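For reference, the structure is listed below as structure tokens.
Remember, predicted model here, so these are calculated numbers, not experimental data. All values below were derived from every heavy atom in this structure, side-chain atoms included, with hydrogens, water molecules and symmetry-related copies excluded. Residue numbers begin at 1 in each chain, while the letters A, B, ... track the order of the sequences.
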Amino acid sequence: MRWSQMHIPTLREDPADAGAPSHRLLVRAGYIRQLMAGHYSLLPLAIRVRVKVMDIIRQEMDRIGAQEMLAPTMHPAEVWQRSGRWDTMAEVMFRLTDHKGAVNVLAVTHEEIFTLLAQELNSHKQLPQAWYQFQTKFRDEPRPRAGLLRVREFTMKDSYTFDLDAAGLDVAFDRHRAAYLRIFERLGIPAIPVEASSGAMGGRDSTEFMCPSSAGEDLVAHCANCGYAANVEKATSALFPVIDADGPVAPERFDTPGVRTIQDLATAYDAPATRQIKTLVYVVDGRLMLVLLRGDHALNEQKLMDAAGAVAVRPAQPQEIREALGALPGSLGAVAVSDLPVVADEALRGRQNMVTGANTDDVHLRGVDVDRDIAVGAWADLREVAAGEPCVRCGHPLELLATIEIGHIFKLGYKFTKAFNITVLNAEGERVHPIMGCYGIGVERAMAAIVESHHDERGIVWPAAVAPFAVVVTIAQVDDPESAKVGESLYEQFAAAGIDVIIDDRDERAGVKFRDAELTGIPVRVTVGKRGLAEGSVEITRRATGETVKVAVADALAHVRDALAGA
RNA sequence: CGGGGUGUAGCGCAGCUUGGCAGCGCGCUUCGUUCGGGACGAAGAGGCCGGGAGUUCAAAUCUCCCCACCCCGACCA
């Protein structure tokens with residue numbers, strides 16, 4: 001390719017509305033342009049990167065025996081009504097009506113469609129199956145952000161496995177997990193596999209692949225010592241033990257005028273947060289529920305959703321709380337509450353001599369024994385891990401990392417094969433439902449994650465495996481016949497050798513071309529100019545290090561190969 | 001959905017307070033000089049000032065309504 005003929009609209013200044021490095025650089029280096037919030041056009045350089053990312057994913061999927069297919073992006077409403085997700089995914093689905101008045105949806109994901117295709121599996125002899133595609137997903141995200149990191153229209157590699165039994169699913173899941181680790185390794189993404197909540201997808205085990213980045217939206221608790229890693233939606237930590245003194249035989253009321261916070265109570269009434277019971281009131285799938293945590297612990301709402309098997313949770317409004325408990329936040333408690341379900345965090349188990357609200361404004365209770373005084377309906381892990389707490393496995397202090405979720409794999413179970421009544425005959429001649437797994441990688445988000453982890457102040461630094469071009473031949477002076485001739489000949493030679501090469505033949509000053517080569521992130525630059533040719537040499541510069549070596553024209557190919565091997 | 005911010009040439013911005021010819025830098029076109037790290041000079045092209053309504057002799061500027069985009073939160077594979 002010739003730079004002079006490609007559409008690579010690099011910008012001299014940073015775009016005003018881009019904050020995240022990947023957003024800023026992909027726009028500035030001429031890879032993407034925004035159409036509207038969450039919808040981007042991919043320009044020629046981006047398409048070249050995308051193809052390489054997809055090829056790597058495809059190779060690894062094929063390697064584990066998965067078969068590529070392609071399902072439609074528009075689906076009839078009826079299919080989603082059958083699975084029950086017409087309602088549960090209502091707020092993220094784009095819906096549209098055709099000329100007959102039939103309602104269709106744009107694909108949010110494709111479990112339903114691939115499950116329908118599995119209708120034609122009849123025998124256990126046809127299992128296992130692993131199917132995948134690269135297909136556009138539409139999600140009506142409430143807040144798209146940061147360029148390609150969170151969009152409303154994107155390409156996903158999604159795969160779906162069908163196995164005869166749980167043991168088979170375990171194998172399929174482990175194969176995908178290994179394939180994903182290889183994919184991210186090849187893409188140059190430092191992915192950390194973490195335990196995750198399955199969220200709205202349902203199912204049991206799920207593993208997310210997270211790329212540490214300040215632009216990330218997910219928090220991961222990570223142990224640098226033993227490698228434990230989990231999304232804070234799922235992460236646990238060890239706790240320093242708390243010894244409770246024996247308390248009174250019954251809770252005692254005491255006045256606490258003006259006290260509204262844990263901190264107020266701790267400082268003014270000698271009640272350290274670790275000895276307080278924090279009482280939160282939540283609306284869980286439409287029902288009020290009391291949520292109890294230790295005073296110094298924070299609730300993770302996803303954990304509450306998982307514990308309650310709920311679809312939606314929200315904090316109750318003050319008037320709802322007053323109607324239910326007779327007091328406002330600041331003086332709430334669960335002692336003697338019998339008409340509302342109570343869920344308590346594990347950290348409160350067995351605690352005694354605690355302090356909590358009395359459900360009368362400006363009054364608290366001391367000497368509360370959790371087992372004796374509170375009708376806990378369910379115990380669950382509800383608290384969000386905090387940085388510095390000891391790792392559950394090894395005790396080393398945990399760190400919290402901001403991360404980008406670049407892949408997610410689920411053991412789905414029987415949800416869809418039962419909903420669509422998909423069965424095969426097993427070896428005994430019985431009808432059984434196959435068990436499913438589903439697995440996703442966001443392609444454009446992966447591209448953004450690569451940029452997030454591979455850039456410097458001059459621009460993008462693509463790993464060679466995904467760079468739009470491996471090499472740029474930069475002719476320092478296009479009007480110098482010798483430079484042009486040598487540049488063209490090296491370009492031909494590299495291309496013939498199978499190297500993805502672009503020649504920068506623009507009639508621009510050398511500095512402009514150097515800057516653009518760096519901004520766009522091409523791993524190796526071969527500079528051809530009068531200065532070097534005077535002594536029969538060209539220069540080879542590695543983008544990642546800036547290191548430049550002079551080599552004889554005849555040796556350029558060998559040196560370029562070396563440089564690429566190390567990029 | 002709540003809070004904050006921004007919409008003026010392809011990009012980055014000033015002008016708005018106090019109404020009076022729509023500007024600057026970059027980029028773009030042509031010519032000349034220059035040319036291995038975002039050159040210089042000269043001459044040009046390029047505008048629904050986000051949209052609508054209103055106030056006024058007069059609106060980019062004041063008022064009202066709407067829309068879009070960005071950020072924080074909520075939410076979300």
message = Counting only side-chain heavy atoms from C-beta out, which of B:C75, B:G12, B:G38 sits nearest to A:Arg515?
response = B:G38
request  = Scan A:Arg150 against the nucleic acid and name what it touches under 4.0 Å (heavy atoms): base, sugar-phosphate only, or nothing.
outcome  = base
key: Counterpart base for B:C1, defined by Watson-Crick or G-U wobble contacts under 3.5 Å   = B:G73
ask   = Do A:Thr115 and A:Tyr160 have side-chain atoms, one donor and one acceptor, less than 3.5 Å apart?
value = no
message = Over all strands shown, is A:Arg445 touching base, sugar-phosphate only, or nothing at heavy-atom distances under 4.0 angstrom?
response = nothing
query = Between A:Phe209 and A:Phe184, is the gap from one ring center to the other below 6.0 Å?
reply = yes
query = Within the structure shown, what part of the strands sits under 4.0 Å from A:Val92 by heavy-atom distance: base, sugar-phosphate, or nothing?
reply = nothing
query = Can you find a donor-acceptor pair, distance only, under 3.5 Å between A:Arg525 side chain and B:G37 base?
reply = yes
ask   = How do A:Pro144 and A:Asp14 order along RNA chain B: which one's closest nucleotide is nearer the 5' end?
value = A:Asp14
Check nucleotides 27-29 of chain B for protein N or O atoms closer than 3.5 Å to its own N or O atoms and list the pairs.
residue	atom	partner	partner atom	Å
B:G27	OP1	A:Arg12	NH2	3.1

ask   = Is a side-chain donor-acceptor pair under 3.5 Å present for A:Gln135 with A:Thr73?
value = yes
task = Report which part of the nucleic acid A:Gly440 touches: base, sugar-phosphate, or nothing (heavy-atom distance under 4.0 Å, all strands).
result = nothing
inquiry  = Pairing check on B:C16: which nucleotide meets the Watson-Crick or G-U wobble criteria with it, both distances under 3.5 Å?
reply    = none
ask   = If we call it a pair only when both distances are under 3.5 Å in a Watson-Crick or G-U wobble match, what pairs with B:A9?
value = none
ask   = If pairing requires Watson-Crick or G-U wobble contacts with both distances under 3.5 Å, which nucleotide is the partner of B:A60?
value = none
ask   = B:C76 base to A:Arg143 side chain: any donor-acceptor pair below 3.5 Å?
value = no
Which nucleotide in B:G38, B:G37, B:G12 has an atom nearest any side-chain atom of A:Arg458 = B:G37
ask   = Can you tell me if the side-chain N/O atoms of A:Gln34 get under 4.0 Å from OP1 or OP2 in B:C70?
value = yes
message = Using a heavy-atom cut-off of 4.0 Å across all strands, would you classify A:Gly532 as base, sugar-phosphate, or nothing?
response = base
inquiry  = At a heavy-atom distance below 4.0 Å, what parts of residues 36-46 of chain A sit against RNA chain B?
reply    = A:Met36, A:Ala37
